[in-house]
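Report on one structure; see the data block that follows.
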Number of protein chains: 4
Amino acid sequence: MAGSVNKVILVGNLGRDPEVRRLGSGEPVVNLRIATSETWRDKQSGEKKERTEWHSVVIFNENLAKVAEQYLKKGSKIYIEGQLQTRKWQDQSGVEKYTTEIVLQRFRGELTILDSRGQGGSDEYGEGSGAMEDRSGGGSSFGRSSPMGGGAAPRQPAMAGGGGGGGRSSSTHLDDDIPF
Amino acid sequence: MAGSVNKVILVGNLGRDPEVRRLGSGEPVVNLRIATSETWRDKQSGEKKERTEWHSVVIFNENLAKVAEQYLKKGSKIYIEGQLQTRKWQDQSGVEKYTTEIVLQRFRGELTILDSRGQGGSDEYGEGSGAMEDRSGGGSSFGRSSPMGGGAAPRQPAMAGGGGGGGRSSSTHLDDDIPF
Amino acid sequence: MAGSVNKVILVGNLGRDPEVRRLGSGEPVVNLRIATSETWRDKQSGEKKERTEWHSVVIFNENLAKVAEQYLKKGSKIYIEGQLQTRKWQDQSGVEKYTTEIVLQRFRGELTILDSRGQGGSDEYGEGSGAMEDRSGGGSSFGRSSPMGGGAAPRQPAMAGGGGGGGRSSSTHLDDDIPF
Amino acid sequence: MAGSVNKVILVGNLGRDPEVRRLGSGEPVVNLRIATSETWRDKQSGEKKERTEWHSVVIFNENLAKVAEQYLKKGSKIYIEGQLQTRKWQDQSGVEKYTTEIVLQRFRGELTILDSRGQGGSDEYGEGSGAMEDRSGGGSSFGRSSPMGGGAAPRQPAMAGGGGGGGRSSSTHLDDDIPF
DNA sequence: TTTT
DNA sequence: TTTT
């Protein structure tokens, strides 16, 4: 209809390692299972309660899929932004089912790793910069573009994210940030 | 798990009138069906394409449910914010199914009407009370609280949203804005 | 610091026509002034109150700048998504000042027109091309990419948004939707 | 104007300990200084670049202010949601200045702690629950309400967030979650 | 300066 | 089922 917005923002942890499948072109498509949860105390019983919600995420965005494949694992905490899509399918007995997923389309969506380097597992993904003192908690951010605001104006640090010609947004940032 | 965020933001149009059911307490619970869509031109064929996504919304937030019941109808354009929840149920033949909905829990979520009064249909949704005058042209916004930032500080226009004692956030704004 | 998110979401109306300046390359950079407001009733006095907040938006995203230049005017209602940036400058008397703006960087941010064609004023913003037909009643949405979720998978309607080679996300959608 | 939305979402780290001042009523109002940053590689020079943005946050929401006061410190990583407000003031020499802040009004906004218990400093804030295995990175979430979706319906885990009478949303969650 |  |  145009004039519409379809946005999901999650901060949660992966319930298992990313599942990667390949398109004919070799590009990865990654499925994530993310938990968010809430806790509260029941007013009646006084008991502590928790409700965990599980979300299925599908990453078609090529660069974010690569990031997910390389750096995420079970337990990783991430910020992710995508859109809601429901698809219909049939189970083995021919019963119609619907599945709703958070989809990061090509060139769209956001993914930011919120836990420390290697926190969720054994291997590091950064190359040891150690930048900001207040980064204690760490994490990495992978947008679909460079952080540039503009062109010539000195108000933005530089020109990037489209540099020469191609400029597929998220790949730019990815290429810059990650030691592939 | 805590440390998590589960947020959905939609701007779209209602595909049909709100469905209202009542809890034992008489409070309305409202179900909405909202469409968002995207259009693009197919690179191969050059054809115009459109994909519409349908979203099921459930409003338990009492005040927003009242707003929805009174002012929304088929075609209304709204901004809505809630959280994703998937629930399991069984159809008549006992087959397990899952439905994912955007839920506005008690005291949570946001709803803002974006189209003008009556724009979405033939009959007006305000019933002509002067109290609704400020909604006519541009939509109305129903948060869960007053627009106050703070307490005594003069930086905010005034104290509200909890005034004397109760202070259930969304009800406050609702009571103020809408002529129930 | 990486591992960070900086996002602003506004739905509001333009207080004046967009201001367009050109970079050396001829690309437009657009400044918008957007109002958001809240209304409530003062608990003490019973008076109706309103607080309007004015936001400065700068659009470096080339395609969204073109959309803004062509279709927005004083009074237009939009959804916009960008990031917060504060810059320092000196007024004519050398006093240091800071200005905080919502910036839509190159290839980033979102802009969706929420009011009908020409609703905000006297003249239409579409110039009658058939290409704009799908925007008329309900606003238009200009993301930075095609609405495709994926590549070959049939779950998404088609491949676009990067089709042949370039694939700068927002331009793609723009090229498709708007008759430049 | 109604029909508007004013929302800021940040994930970043505190540059210094929270600053707490008290209203006449004794309620805390907390100021935070939060850094978000982006990194990219300059296409021309090949150099790694980083741009850090500093944000001023003011928390009038009583419960979130208490959380901030008790659990945040320099280096803490948080998710925070508020609204943009610009206020005018005069410096000591009478020069007019403007400051834009992210404000969490009474009963509004969200705050979620994203780093592990005590990660940012020496003292723990949790009491040793050790809940979820995949929580490695930890964090705590403080909304303005209970996680309940509805009333009687069994689809939501329980009724809370307003229980008997008061029901100021964020306080409920806070009382439940934190060992004051 | 918008919008209601 | 909306909207364009």
Side-chain angles (χ1 to χ4, degrees), chain A residues 1-6, chain B residues 10-19 31-40 48-57 71-78 80 112-117 119-121 126 130-142 177-178, chain C residues 10-19 31-40 48-57 71-78 80 112-117 119-121 126 130-142 177-178, chain D residues 1-6:
Chain A
M1 122 203 14
S4 66
V5 173
N6 175 358
Chain B
L10 301 177
V11 174
N13 296 74
L14 269 61
R16 50 168 120 102
D17 288 342
E19 289 169 4
N31 286 265
L32 304 177
R33 196 73 178 145
I34 299 178
T36 57
S37 87
E38 303 177 273
T39 55
W40 71 97
K48 204 97 182 233
K49 304 273 192 176
E50 178 175 41
R51 183 189 208 280
T52 295
E53 191 69 39
W54 286 98
H55 309 272
S56 292
V57 174
Y71 301 112
L72 299 184
K73 57 169 161 291
K74 182 173 168 176
S76 296
K77 189 181 214 69
I78 61 171
I80 199 158
T112 299
I113 304 175
L114 295 176
D115 46 11
S116 327
R117 229 183 238 228
Q119 169 168 316
M132 293 301 298
E133 89 197 47
D134 60 13
R135 306 185 55 248
S136 27
S140 273
S141 174
F142 308 98
D177 259 353
I178 299 197
Chain C
L10 300 177
V11 173
N13 297 74
L14 269 62
R16 49 168 120 102
D17 287 342
E19 290 168 6
N31 286 265
L32 304 177
R33 196 75 177 145
I34 299 178
T36 56
S37 86
E38 303 178 272
T39 55
W40 71 97
K48 204 97 182 232
K49 304 273 192 175
E50 178 174 41
R51 183 188 207 281
T52 295
E53 191 69 39
W54 287 96
H55 309 273
S56 292
V57 174
Y71 302 113
L72 299 183
K73 57 168 162 291
K74 181 175 168 176
S76 296
K77 187 180 215 70
I78 61 172
I80 199 158
T112 299
I113 304 176
L114 296 177
D115 46 11
S116 328
R117 232 183 237 228
Q119 168 168 318
M132 292 302 298
E133 86 197 50
D134 60 12
R135 306 185 53 249
S136 26
S140 273
S141 174
F142 307 98
D177 259 354
I178 299 198
Chain D
M1 130 200 9
S4 66
V5 174
N6 175 357

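Quick note on labels: first sequence line is chain A, next is B, and so on, each numbered from 1. Below, all heavy atoms of this structure are taken into account, side chains as well, without hydrogens, waters or symmetry copies.
Rounding to whole angstrom units, CG of residue D115(C) and P of dT2(E) are separated by 15 Å. Taking atom CG of L10(B) as the reference point, atom P of dT1(F) lies 20 Å away to the nearest angstrom. Distance, K74(B) NZ to dT2(F) C1': 8 Å, rounded to whole Å. The distance from atom CG of N13(B) to atom P of dT3(F) is 6 Å, rounded to the nearest whole Å. For the pair R51(B) CZ and dT3(F) P, the computed distance is 20 Å after rounding to whole Å. One can place CD1 of I78(C) at 19 Å from P of dT1(E), the figure rounded to the nearest angstrom. As rounded to whole Å, 10 Å separates atom P of dT3(E) from atom CG of L14(C). Atom pair L114(C):CG and dT3(F):P shows a separation of 16 Å (rounding to whole Å applied).
Taking a centre distance below 5.5 Å and an interplanar angle below 30 degrees as the stacking criterion, W54(B) does not stack against the six-membered base ring of dT2(F).
Comparing dT3(F), dT3(E), dT1(F) against the side chain of E50(C) picks out dT3(E) as the nearest. Listed candidates were dT2(E), dT3(F), dT1(E). Nearest to the side chain of R33(C) is dT1(E).
Residues V57(B) and N31(B) fail the side-chain proximity criterion, which asks for heavy atoms closer than 4.5 Å.
Here L32(B) contributes atom CG and L72(B) contributes atom CG; the two are 6.0 Å apart, rounded to the nearest 0.5 Å.
With salt bridges taken as basic N to acidic carboxylate O contacts below 4.0 Å, one links E53(C) and R51(C).
Of the possible donor and acceptor atoms, one in the side chain of N13(C) sits under 3.5 Å from a partner among the backbone N and O of G75(C).
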